[in-house]
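Here is the structure we will look at, set down as structure tokens.
Numbers restart at 1 for each chain; the letters A, B, ... are given by sequence-line order, proteins then strands.
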Amino acid sequence: MIAQIIVDVPVNRTNRPFDYRVPAWLTPLIRVGSRVVVPFGPRKLQGYVTGITDEGTDFTDHARLKEVEQVLDDTPPLTKELLDMSEWMSKQYLCPWVTAVQAMLPAVLKGKSEKWLTATDDLDEDTCGNSGLLWELSRKRQLPLAEVEKQFPEEYLLVPGWIHSGLLATEYQVKDRITRKHQSFVRCLLSPEQLAEAIASLPARAEQMRRVLTLFSQHADQSFSMQMLRDEWGITRSPLKSLEAKGWLVMEQVEVYRDPYANRKFSDKAKPEFTPLQKQVLAPVLSSIQSQQYAAYLLHGVTGSGKTEVYLEAIEKTLEKGQEAIFLVPEISLTPQMVERFKARFGADVAVLHSGLSQGEKFDEWRKIIRKQVKVVVGARSAIFAPFENVGLIVIDEEHESSYKQEETPRYHAREVALWRAKRNHAVLMMGSATPALETYALATRGRYTLLEMPERVGNRPMPAVHVVDMREELQAENRSMFSRKLHEMIADRLEKQEQMVIFLNRRGFSTFVMCRSCGYTMRCIHCDISLTYHKTNHTARCHYCGYTIAQPAHCPECQSEHIRFFGTGTQKVEAELAKLFPGIRVIRMDVDTTSRKGAHEELLSKFRKGQGDVLLGTQMIAKGLDFPRVTLAGIIAADTSLHIPDFRAAEKTFQLLTQVGGRAGRHELDGDVVIQTYTPEHYSIQHATRHDYRSFYEDEMLQRRRTGYPPYFRLVLLTFSHEDVPVVIRSAHTMADYLRQRLAETTILLGPVASPIARVKDRFRFQIMLKYRDEPQLSALLAQATAAFDEWNKQQKVLMTIDVDPYVLL
DNA sequence: AGCACGCCGACT
DNA sequence: GTCGGCGTGCTC
């Protein structure tokens, strides 16, 4: 038996399966999708089985085949579907196959290959001499080489000699980081009759033992965790030990899942009546689910139209068919509120995956999925890789969110992966948003997705009234405050009525750079072409890209002025201003500073929910998903800061943000107002957001995209080159540009090479090429070919090239 | 990516 | 004469 295996060397040169012989003792265990350890050159590496054959492939130099050394799991972590999907991803996104595989699996499964130093049989007390290292090794028999270098730096140089003389040897070991959590449980070994007898036989003073046995007699055949016995019944270890000694019960270690939601009760909420609109959009979706045929829907529903209920119902019907469902949400809106809704509805059938979990917790949630102990997965981007085998429904909530795009290799978009998965499984894909991505809506209007519209809020709640304030007029009226008169007046009004508010600060442009007010000098990173960010906690200025950190200077390095200061996070400034204008106002500020601690996010929101704050003040993180009945005002301090960033999606992002923030207000009994402050009130994204008019925004923005040649009219590929020397990058980028120009279709536009907007990161200069194309069916193949050619002519130069298909960030 | 193999300068 | 610099090529 011969296995094809991809190894954990994520470079193009090794990006293909290698043949290995499977020793007889492993044949019962090894499967396509298995995680294995194999020798590779002089090393040992982790790999994944992509195929199993009797005779091998065209390589088949049987004499030179090495053997698979280990199969790491009893059941393969990769299903056939995931394996195929990873292969497709590696072609689609031009990434090494093994990188795509690793993106699908919990991080603890990624094995680390380490070189170890081991003692041979020749090493004994006599041969150790006065070497501390040899003594250590004669005791422990083996140590990681890196450890040896650290602990015995002066003896490290002698190691090759000892290897030569046969006292030591080196060996590779592949270790994953799987850990399992265990809990002590107590189980009774007696039958009910024996139990009664035992209780009667206990001495009168054996109070605790009697309580334990009584408990077991009341709950026959049940076992109790020690923790529970202690916490709820006040039973300590010693009576249990005595009972165990009598042979009446046993204490055992049972593996348990790490459950971040343990000890939480989820209330069952009654299913609400569906509105006519909800019924109308559900009908086709449920019928697709019934027929188990591929179908893709775009649910375009205004904020507060009750999309989540639609999703929940569709999921429930999928489960009733005996199929599984994946529910994707943007990282930021995977709030406790959302989780609670799912847990209340589907109980123990749900696994939750998000970045707040520890690696161990993620692994446990993943195991619930692969062991078929859950039917629904709720999670951020990577939850699309849930190892289900009978997926009937995939839902993507807030489908326009940019967090569905991964910004590292593999640079995939969860929406695209979901589409592949839905087709493969004959499943239903449902994307939902109040502000769909232009690409998605365009495909829906062309019939590629079925468009479902919910233009009204639940219970016929009116959309909030939107007031646009021209901040230039405020300035003319001598109002230099960051609050317009309108917003000021409305805040005062809400305070009086004891209603709540959400105040949103668009952080782009309000960054926290450090600038001298006297000479205008700004602090910049010495390795990267960007401004340093001020960090209040330890009074430092820090680079977001490379981590370069310096103490915040007291004087300007340029002009010695003392007036060098950071231009605040914004939120802090707004908070101070609010306190000044409205004495006694209770502000709950949510930004990077106040939410960095684990659980802080949740705490602040629940504080606000309980009414312990008048204002929820924050950045992007408060823009979506939140639903507080008493919020009747949403204020946006500076709507246009995101309008002027150099990004073809700037207008779209602004429209989405304004719509989402506005959607926080007046969702329940009380009517809501939205105040948008801006210096460009005439801009179409602000105008259409004001009228809650997605369709008009879509049409205007489509005209722009057509004019400028951006998606959805053109698709993009971004190639970025980086190197320490400018001439070297430039030459490299030009060679690639020439290579591509000769082979691309005439209608394809190649822009550049030009310096990247952030021209230097970590001391490497960056140049980029942008491809804009409409029809280029062989593009992936061409880019793969180009990458191979690039590797060939770039051998000694060490220029790095990254390819981003359908990029979101053009920096 | 690592790692070994191999071919030229500054040391015992 | 040898130690070690890092260019080159390979990994089933």
Side-chain angles (χ1 to χ4, degrees), chain A residues 1-24 26-27 30 32 34-72 87 90 94-103 110-118 144-146 148-149 153-154 156-165 168-175 408-410 722-725 728 762 764 787-803:
Chain A
M1 189 193 254
I2 292 168
Q4 284 72 57
I5 290 165
I6 49 169
V7 292
D8 183 14
V9 183
V11 291
N12 288 314
R13 293 187 66 84
T14 53
N15 187 25
R16 62 189 171 83
F18 289 83
D19 283 356
Y20 285 87
R21 189 166 33 241
V22 182
L26 284 179
T27 53
I30 200 164
V32 171
S34 285
R35 200 164 58 106
V36 293
V37 174
V38 289
F40 194 70
R43 303 181 281 164
K44 239 181 242 175
L45 295 173
Q46 188 177 289
Y48 298 88
V49 178
T50 61
I52 293 177
T53 51
D54 288 335
E55 285 305 309
T57 58
D58 39 346
F59 171 76
T60 45
D61 181 353
H62 286 261
R64 280 177 56 206
L65 281 190
K66 293 185 181 174
E67 281 194 349
V68 175
E69 198 149 298
Q70 246 185 90
V71 175
L72 286 166
E87 189 178 12
S90 89
L94 288 306
C95 70
W97 191 350
V98 71
T99 313
V101 165
Q102 275 157 354
K110 185 180 153 84
K112 184 163 95 222
S113 169
E114 257 187 327
K115 198 170 181 177
W116 287 61
L117 204 55
T118 61
L145 202 61
V148 171
E149 191 176 5
E154 55 306 323
Y156 184 68
L157 304 168
L158 303 171
V159 167
W162 287 327
I163 291 171
H164 186 73
S165 61
L168 304 179
T170 55
E171 185 191 312
Y172 282 88
Q173 292 186 14
V174 178
K175 278 227 174 83
E408 303 126 50
T409 350
S722 74
H723 192 268
E724 290 160 11
D725 299 323
V728 178
K762 294 182 193 170
R764 300 177 69 92
T787 309
F790 177 83
D791 280 351
E792 204 51 46
W793 73 62
N794 182 45
K795 254 183 204 159
Q796 63 288 29
Q797 302 274 359
K798 292 192 209 147
V799 176
L800 286 181
M801 177 176 74
T802 61
I803 300 181

Q: Assess whether atom NZ of Lys66(A) is packed by more than 12 heavy atoms of other residues, nucleotides or ligands within 6.0 Å.
A: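 It does: Lys66(A) NZ has more than 12 such atoms within range.
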Q: Report the distance from atom CH2 of Trp97(A) to atom P of dC12(C), rounded to the nearest whole Å.
A: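 Rounded to whole Å, this separation is 18 Å.
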**Q.** Nearest-Å distance for atom pair NZ/P, residues Lys798(A) and dC6(C)
**A.**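 For the pair Lys798(A) NZ and dC6(C) P, the rounded distance is 9 Å.
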Does [X] reach the side chain of [Y], with side-chain heavy atoms less than 4.5 Å apart?
{"X": "Pro17(A)", "Y": "Ile5(A)", "answer": "no"}
{"X": "Gln70(A)", "Y": "Val174(A)", "answer": "no"}
{"X": "Leu94(A)", "Y": "Thr409(A)", "answer": "no"}
{"X": "Leu72(A)", "Y": "Ser34(A)", "answer": "no"}
{"X": "Arg21(A)", "Y": "Glu67(A)", "answer": "yes"}

Between side-chain atoms of residues 37-54 of chain A and protein atoms elsewhere (two or more places apart, or another chain), which donor-acceptor pairs fall under 3.5 Å?
residue	atom	partner	partner atom	Å
Lys44(A)	NZ	Glu69(A)	OE2	2.8
Lys44(A)	NZ	Tyr172(A)	O	3.0
Gln46(A)	OE1	Arg35(A)	NH1	3.4
Gln46(A)	OE1	Gly111(A)	N	2.7
Gln46(A)	NE2	Tyr48(A)	OH	2.9
Gln46(A)	NE2	Leu109(A)	O	3.1
Thr50(A)	OG1	Gln4(A)	O	3.3
Thr53(A)	OG1	Ile2(A)	O	3.4
Thr53(A)	OG1	Gln4(A)	NE2	3.3
Thr53(A)	OG1	Gly56(A)	N	3.2

Could you write out each protein N or O paired with an N or O of nucleotides 9-11 of chain C at a distance under 3.5 Å?
residue	atom	partner	partner atom	Å
dT11(C)	OP1	Arg64(A)	NH2	2.8
dT11(C)	O3'	Gly41(A)	N	3.0

Q. When you list every nucleotide of DNA chain B with an atom under 4.0 Å from a heavy atom of chain A, which one comes first 5' to 3', and which comes last?
A.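 That gives a stretch of dA1(B) to dC3(B).
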Q) Asp8(A) side chain to Val98(A) main-chain N or O, any donor-acceptor pair under 3.5 Å? A)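 The answer is no, because no donor-acceptor pair under 3.5 Å joins these two groups.
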